[in-house]
Participant: 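First, the structure itself, so that you have it in front of you.
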Amino acid sequence: MPATASRRPNPLDLAWAALAIACLAAMIAWPAWEAVPFHVIWVALTLLYGFRIWSLKGTAIVLGVVMLVCGISILRDVHDGMQDWGELFEVPLLSAMFLAMVWHARRRLQMLETVGALADERAELLEHEERLLQNISHELRTPVTIARGHLELLARRLGSDTAELEVAFDELGRMKLMIDRILLLARAERGDGLQRESVPLVPFLEDMVVRWAGVAPRAWRLGTVVDVSLDADPTWLHAAVDALVENAVQHTDDYGRIEIGAYAELNAVVITVRDDGPGVPDQALERIFERFARSDASRSRHQGGSGLGLSIVSAIARAHGGSCRAQNAAAGGLVFELRFPLARASAAEREVEAGPSPVEAAAAFQP
């Protein structure tokens, strides 16, 4: 608790002062037993400082008053022959112990303030970065749209079979996709626009497999899917699973195996996307969900990725209170796991049977 300059007395301070006065009165009333109330004063003062870290000036005043009053009381008893001279040395010894505790407490307070300042600075930098990405993305949309409009006019004049124009259209399409993903990433990291509703998982993943099967020639398979409804934003959930499937498509050959499934895990549902591609080095798995992160060339066979897809997956998972991870399968390929909590689901939906373990699912994935 930081030092305060408030003039209003704190209840803890008043309580300790009352206890100290009572103990001082006991020291005067029963000189033979004054060691007990004397130590109670110092123990209570040490405990109080754990809750109330005063300013250096306030600490010095309180410590000086306690040393003076206790010292005078013990000195009077020594003079009257009620105590030995050695008892007088306890005052500076306990004062030194208290000062050591004060030094450690203030050092800890300074470190906490430093950590807090660094955290605030980091949060401010992240906010500026996200705002910059969002502003840049908005600004880029207009020239991309204008350029595409002029290219369409030029294509009508020159004919649609012009190879150079096709390349230009493809590059503008990639640029627009990257801009949209940057905006989605910024929104997901801030949690803006999250609109939760009940999303039945079985038809959602069935539709995902059917839609991608018509786009990419792969050996598609819908694995075991636990029959629950997620409390999630359907648009964001769609974007997250789409990004995982797109990654699997990019890093598998034609007619390579891709499986989508979901299993229950305690109060969570884990959506899995498996492929039989080359996998990722273990050291790259830790940063695969970072912005613009790329794995080695074995998972970069197809060019054109922006390096934003998996970071969007991570941001969407966090916005829903979930998480995501990637791991290499023992038999080869990569397994993505997108975990969503079921804490907001109904009790009936949470009482689901646990799905197959990752090991069992990996075994079933093999031809």
Participant: Do you know which two heavy atoms are closest between Ser314 and Cys324, and how far apart they sit?
Facilitator: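 Shortest heavy-atom separation between Ser314 and Cys324 comes out as CA-SG, 3.5 Å.
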Participant: Any side-chain heavy atom of Leu237 within less than 4.5 Å of one from Phe340?
Facilitator: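 Of all side-chain heavy-atom pairs linking Phe340 with Leu237, at least one is under 4.5 Å.
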Participant: Report yes if some heavy atom in the side chain of Val228 is under 4.5 Å from a heavy atom in the side chain of Val202; otherwise report no.
Facilitator: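 No; the side chains remain at least 4.5 Å from each other.
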Participant: Once you round to the nearest 0.5 Å, how far does CD1 of Ile288 lie from CD of Gln327?
Facilitator: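 Taking CD1 in Ile288 and CD in Gln327, the distance rounds to 11.5 Å.
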Participant: Check whether His320 reaches the backbone of Asp233 with its side chain - one donor and one acceptor, N or O, closer than 3.5 Å.
Facilitator: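 Confirmed, His320 side chain pairs with Asp233 backbone.
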Participant: Rounded to the nearest 0.5 Å, how far does CG of Leu244 lie from CZ of Arg274?
Facilitator: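 Arg274 atom CZ to Leu244 atom CG measures 12.5 Å (nearest 0.5 Å).
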Participant: Can a salt bridge be assigned to the pair Glu337 and Arg339 using a cut-off of 4.0 Å between side-chain N and carboxylate O?
Facilitator: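 Salt bridge flag = yes for Arg339 with Glu337.
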Participant: Apply side-chain contact (heavy atoms from CB on, under 4.5 Å) to residues Val209 and Asp207 and explain how you reach the verdict.
Facilitator: CA-CA 5 Å; Val209 171; Asp207 177 72; over 6 Å; no
Participant: Is there side-chain contact between Val249 and Arg218, with heavy atoms separated by less than 4.5 Å?
Facilitator: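 Touching, per the 4.5 Å side-chain cut-off.
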Participant: Is any side-chain heavy atom of Asn247 closer than 4.5 Å to a side-chain heavy atom of Leu310?
Facilitator: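 With C-beta onward as the side chain, the pair touches.
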Participant: Would you say Arg156 and Leu153 make side-chain contact, with heavy atoms under 4.5 Å?
Facilitator: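 Yes, their side chains come closer than 4.5 Å.
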Participant: Does the side-chain contact (heavy atoms from CB on, under 4.5 Å) test come out yes or no for Leu201 and Ile271, once each step is laid out?
Facilitator: CA-CA 9 Å; Leu201 196 55; Ile271 299 174; 3.9 Å; yes
Participant: How long is the span from the CG atom in Leu342 to the CD atom in Glu265, to the nearest 0.5 Å?
Facilitator: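 Result: 11.0 Å between the selected atoms.
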Participant: Looking at every non-hydrogen atom in both residues, tell me the closest pair between Phe289 and Ala326 and how far apart they are.
Facilitator: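 Phe289 and Ala326 have their closest heavy atoms at CE1-N, 3.8 Å.
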Participant: Do Ile312 and Trp236 make a side-chain contact, defined as non-hydrogen atoms from C-beta onward lying under 4.5 Å apart?
Facilitator: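 Ile312 vs Trp236: side chains apart.
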Participant: Could you give the distance from CD (Glu121) to CG (Leu125), rounded to the nearest 0.5 Å?
Facilitator: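 Here the interatomic distance stands at 5.5 Å.
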Participant: Is there a continuous path of hydrophobic side-chain contacts, each under 4.5 Å between heavy atoms, that joins Val225 to Val210?
Facilitator: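 Cluster IDs for Val225 and Val210 differ.
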Participant: Between CZ of Arg148 and CD1 of Ile146, what distance do you get to the nearest 0.5 Å?
Facilitator: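 The CZ atom of Arg148 sits 14.0 Å away from the CD1 atom of Ile146.
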Participant: One thing to verify: whether Arg257 and Asp275 come together as a salt bridge, which I'm taking to mean a side-chain N less than 4.0 angstrom from a carboxylate O.
Facilitator: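 Result for this pair is no, no salt bridge flagged.
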Participant: Mind listing the closest non-hydrogen atom pair of Val199 and Ala232 along with its distance?
Facilitator: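 Result for this residue pair: CG2-O, 3.8 Å.
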Participant: Which atoms form the tightest heavy-atom contact between Leu151 and Ala168, and what is the distance?
Facilitator: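 Closest approach of Leu151 to Ala168: CD1-CB, 3.7 Å.
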Participant: Could you please spell out the steps behind the side-chain contact (heavy atoms from CB on, under 4.5 Å) verdict for Phe336 and Arg325?
Facilitator: CA-CA 6 Å; Phe336 284 102; Arg325 70 169 181 167; over 6 Å; no
Participant: Identify, with sequence neighbours excluded, every residue that meets salt bridge (charged side-chain N to carboxylate O under 4.0 Å, His left out) alongside Asp242.
Facilitator: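 For Asp242, the residues satisfying salt bridge (charged side-chain N to carboxylate O under 4.0 Å, His left out) (neighbours in sequence not counted) are Arg211.
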Participant: Rounded to the nearest 0.5 Å, how far apart are CG of Asn328 and CG of Leu285?
Facilitator: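 Those atoms lie 5.0 Å apart.
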Participant: At their closest point, which heavy atom of Ala262 faces which heavy atom of Thr272, and how far apart are they?
Facilitator: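 So the minimum-distance heavy-atom pair works out to N-OG1, 4.3 Å.
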Participant: Please test Leu222 against Glu206 for side-chain contact (heavy atoms from CB on, under 4.5 Å), starting from the C-alpha separation and ending with a verdict.
Facilitator: CA-CA 7 Å; Leu222 180 65; Glu206 287 177 346; 3.4 Å; yes
Participant: Please give me the minimum heavy-atom distance between Ser198 and Ser229, naming the atom from each residue.
Facilitator: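 Closest pair (atom of Ser198, atom of Ser229, distance): OG-CB, 3.2 Å.
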Participant: Is there a side-chain contact between Ile258 and Thr252, using heavy atoms and a 4.5 Å cut-off?
Facilitator: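 Side chain of Ile258 against side chain of Thr252, heavy atoms only: contact under 4.5 Å found.
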Participant: Hey, are the side chains of Ile260 and Met208 touching, using non-hydrogen atoms and a 4.5 Å cut-off?
Facilitator: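 Result yes, sub-4.5 Å side-chain heavy-atom pair found.
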